[in-house]
Amino acid sequence: MTGVLGAIADDFTGATDVAVAFRRGGLHTLLFFGVPSGNEVTPPHDAIVIALKSRAIPAEEAVAKSLEALRWLQNRKADQIYFKYCSTFDSTTHGNIGPVLDALSQTLSPARVMTTPSSPEHGRTQYQGHLFVGDTLLAESPMRDHPATPMTDSHLPRLLRAQTTTPVSLLTHDVVRRGEPAVREAFDGKTGYVLVDALTEDDLRLLGKVVVKSPLVAGAAGLAAGVAAARASTTPSSTEPPTPSGPAAVLAGSCSARTLEQVAVMKRLGRPTHRLDPVATPDPEALAAEALAWYDSLTEPGPLVYSSSSPAELHRTHQELGVTRSAGILEKATGLIAVGLVERGVRRLVAAGGETSGAVVTALDVHGGVIGTEAAPGVPWIHPIGDRRPALLLKSGNFGDPDLLATASLS
Ligand SMILES: Nc1ncnc2c1ncn2[C@@H]1O[C@H](COP(=O)(O)OP(=O)(O)OP(=O)(O)O)[C@@H](O)[C@H]1O
Ligand SMILES: O=C(O)[C@@H](O)C(=O)CO
């Protein structure tokens, strides 16, 4: 392929996930946080990922941001666009997956768009149009308690139809099992958005071949890897930066089940932990000042500052402060803490949660970086452009083994 594969990701951790999928597929990949403002000088590349924070914002803002990213990528010779949404289809009836797909389709005019959130590596599979998280239906998984986008239905065509007037159809696994010609024939016979069942990486590689020339494809990291493998003409880059070292700290704002386990492991290991409580201190500056004063008093390395809470605690906070206000206080505080930690010599920052990671990256004014080694599948160290900035590990809420936060922040 001569053009560039461009990806628009609806959150920062999702962007790192898709960048890893492209890199593993053999594509030289650049990652930018937000739409770059100018004509950035870029090293040679096969793919560019733009990380937005558009998952939970109003649909019209998500559309405007995504179209801005699309225009930038088209100016950079992108000949195919991958819209990366979450493998747990995080969205509401107002969007933002449907509205963004509609807007990208209007510009790119694809005959049809293949999409699936299937990402077997992360335990997400699509069967008969239903999304599974491991062996559990999405709506019975902890995602039903998500603070911003609670997922209470598992049937993907129904979820997507609620967000768009474009026709949505299903291509089931019995067709996928029959192989590439059968999938190609069934796919070519459809219009609109085609949700395709996929259970394995092999299924997704097959799907990648079918859509290798489609101007627009959408999904999670699973289908992205399939598309990358189909496009790749080179072997994976050997210039990956080494795993970073130096003083580390963890900032956890995700309330996802896996992050709660990871926080619990850090406590069990006796690592220094500090809880941000927006009800007790509903002021971001004061919350951040308390956390940094606590950090200054520490003698042990690898501390954790967290607001991660159980569904019951979260419910109490939401009753007290509201969803938007509590998240706003915590994200502002987290950004201030990140800046304070870097001023105090932290060289590696681990952030848990997509929105939380977005707050950290924005506060540190990081614009882009080189994808490095993976601390867990889909969770790479990012080496920001600019020598004063720390290496970042941006962890999706539900990603990583229970000990990931503890091991990634060891000296
Ligand atoms: N104690 C709390 N009370 C209220 N809101 C909280 C609390 N802790 C975190 N939050 C908010 O909940 C949201 C968690 O979203 P975030 O994207 O960071 O995690 P996640 O959804 O688990 O991760 P991902 O998007 O990667 O799956 C953030 O907006 C955060 O500020
Ligand atoms: O697809 C996923 O689950 C992740 O990349 C993500 O988007 C979490 O925010």
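Each ligand, and each atom within it, is numbered from 1 in the order the structure gives.
- Distances from atom 3 (N) of ligand 1 to the heavy atoms of Leu321, Leu314, Asp17 show the closest one on Leu314.
- Between Arg55 and ligand 2, at least one pair of N/O atoms sits closer than 3.5 Å.
- Under 3.5 Å, the side chains of Lys395 and Thr259 contain a donor-acceptor pair of N or O atoms.
- Between Ser396 and Thr13, the side chains place a donor N or O and an acceptor N or O closer than 3.5 Å (distance only, hydrogens not considered).
- Looking at Ser308 next to ligand 1, no N or O pair under 3.5 Å apart turns up.
- Judged purely by distance below 3.5 Å, without hydrogens or angles, the side chains of His173 and Asp203 pair a donor atom with an acceptor atom.
- At least one N or O atom of Glu355, backbone or side chain, sits closer than 3.5 Å to an N or O atom of ligand 1.
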Arg231 vs Asp79, salt bridge (Lys or Arg N to Asp or Glu O under 4.0 Å): CA-CA, chis, key distance, verdict:
CA-CA 11 Å; Arg231 287 180 67 104; Asp79 62 4; 3.0 Å; yes
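- Ligand 1 places these atoms under 4.0 Å from at least one heavy atom of Ala327: 29 (O), 31 (O).
- For Thr356, heavy-atom contacts with ligand 1 shorter than 4.0 Å involve the backbone as well as the side chain.
- Inspection of the Gln80 and Ser214 side chains reveals no N or O donor paired with an N or O acceptor under 3.5 Å.
- Asn96 and Ser54 are not linked by any side-chain donor-acceptor pair at a separation below 3.5 angstrom, with hydrogens and angles left out of the test.
- Nearest to atom 28 (C) of ligand 1 among the protein's heavy atoms is Glu331 OE2, 3.4 Å.
- Taking 4.0 Å as the cut-off, Phe399 counts as a neighbour of ligand 2 on heavy-atom distance.
- Taking a 4.0 Å cut-off on heavy atoms, Thr88 fails to register as neighbouring ligand 2.
- Close approach to Arg55 involves these atoms of ligand 1, each under 4.0 Å from a residue heavy atom: 25 (O).
- Near Thr13, meaning under 4.0 Å from any of its heavy atoms, are these atoms of ligand 2: 8 (C), 9 (O).
- Closest to atom 8 (N) of ligand 1, if we only count protein heavy atoms, is Ser307 OG, 2.8 Å.
- Counted by atom type alone, Asp202 and Thr200 present zero donor-acceptor pairs between their side chains at under 3.5 Å.
- A salt bridge links Glu331 with Lys53; the closest basic N to acidic carboxylate O contact falls under 4.0 Å.
- A donor and an acceptor atom, one from each side chain of Thr243 and Thr373, are located under 3.5 Å apart.
- Nearest to atom 6 (C) of ligand 1 among the protein's heavy atoms is Leu330 CD1, 3.4 Å.
- The closest side-chain donor-acceptor pair between Ser118 and Tyr127, if any, does not fall under 3.5 angstrom.
- Of the listed options Ser87, Ser256, Gly253, Gly253 places a heavy atom closest to atom 11 (C) of ligand 1.
- Regarding atom 3 (O) of ligand 2, its nearest protein heavy-atom neighbour is Ser87 OG, 2.6 Å.
- The closest approach between Gly354 and ligand 2 stays at or above 4.0 Å for every heavy atom of the residue.
- Atom CD of Glu61 has more than 12 neighbouring heavy atoms from other residues, nucleotides or ligands inside a 6.0 Å radius.
- A heavy-atom separation below 4.0 Å is not found between Thr259 and ligand 1.
- For the residue pair Ser87 and Arg124, a side-chain donor N or O sits within less than 3.5 Å of a side-chain acceptor on the partner.
- For Pro278, no nitrogen or oxygen atom sits less than 3.5 Å from a nitrogen or oxygen atom of ligand 1, counting backbone and side chain alike.
- Atoms of ligand 1 lying under 4.0 Å from any heavy atom of Thr317, numbered from 1 in the order shown and given with element: 3 (N), 4 (C).
- When non-hydrogen atoms are compared, ligand 1 lies under 4.0 Å from the side chain of Asp11 (C-beta onward) but not from its backbone.
- The distance from ligand 2 to the heavy atoms of Cys86 drops below 4.0 Å at these ligand atoms: 1 (O), 2 (C), 3 (O), 6 (C), 7 (O), 8 (C).
- Heavy-atom contacts of Thr13 reach the following atoms of ligand 1: 26 (O) (cutoff under 4.0 Å).
- Residues His94 and Gln163 form no side-chain contact, since every pair of their non-hydrogen atoms from C-beta on lies 4.5 Å or further apart.
- The shortest heavy-atom distance from Ala148 to ligand 1 is not under 4.0 Å.
- A salt bridge links Arg258 and Glu261; the closest N-O separation between the charged side-chain nitrogens and carboxylate oxygens is under 4.0 Å.
- Side-chain contact of Ser310 with Glu313: a donor-acceptor pair under 3.5 Å is present, judged by distance alone.
- Dense packing is recorded around NZ of Lys190, with more than 12 heavy atoms of other residues, nucleotides or ligands lying under 6.0 Å away.
- With ligand atoms numbered from 1 in the order given, ligand 1 contributes 22 (O), 23 (O), 24 (P), 26 (O), 27 (O) to contacts under 4.0 Å with heavy atoms of Gly397.
- For ligand 1, one of its N or O atoms has an N or O atom of Gly354 under 3.5 Å away.
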Salt bridge (Lys or Arg N to Asp or Glu O under 4.0 Å) between Arg55 and Glu355, worked out
CA-CA 9 Å; Arg55 186 173 292 173; Glu355 296 298 321; over 6 Å; no
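- Less than 4.0 angstrom separates some heavy atom of Cys255 from each of these atoms of ligand 1: 7 (C), 8 (N), 9 (C), 22 (O).
- Against a heavy-atom cut-off of under 4.0 Å, His146 is close to the following atoms of ligand 1: 20 (P), 21 (O).
- Residue Glu313 places no heavy atom under 4.0 Å from ligand 1.
- Salt-bridge formation is detected for the pair Asp296/Arg344: a Lys NZ or Arg NE/NH1/NH2 atom is positioned less than 4.0 Å from an Asp or Glu carboxylate oxygen.
- The shortest contact between atom 5 (O) of ligand 2 and any protein heavy atom is with Asp17 OD2, 2.7 Å.
- Under 3.5 Å, the side chains of Glu290 and Thr281 contain a donor-acceptor pair of N or O atoms.
- Taking distance alone, with nitrogen or oxygen atoms compared against 3.5 Å, Asp90 stays at or beyond that limit from ligand 1.
- In terms of N/O distances under 3.5 Å, ligand 2 is approached by Asp11.
- The part of Lys84 lying near ligand 2 is the side chain, judged by heavy-atom distances below 4.0 Å.
- Looking at ligand 1, you'll find an N or O of Ser254 within less than 3.5 Å of one of its N or O atoms.
- Atoms of ligand 1 found under 4.0 Å from any heavy atom of Pro147 (numbered from 1 in listed order, with element): 12 (O).
- Protein heavy atom in closest approach to atom 8 (C) of ligand 2: Ser396 OG, 3.2 Å.
- When only modelled atom types and interatomic distance are considered, Thr29 and Asp46 share no side-chain donor-acceptor pair under 3.5 Å.
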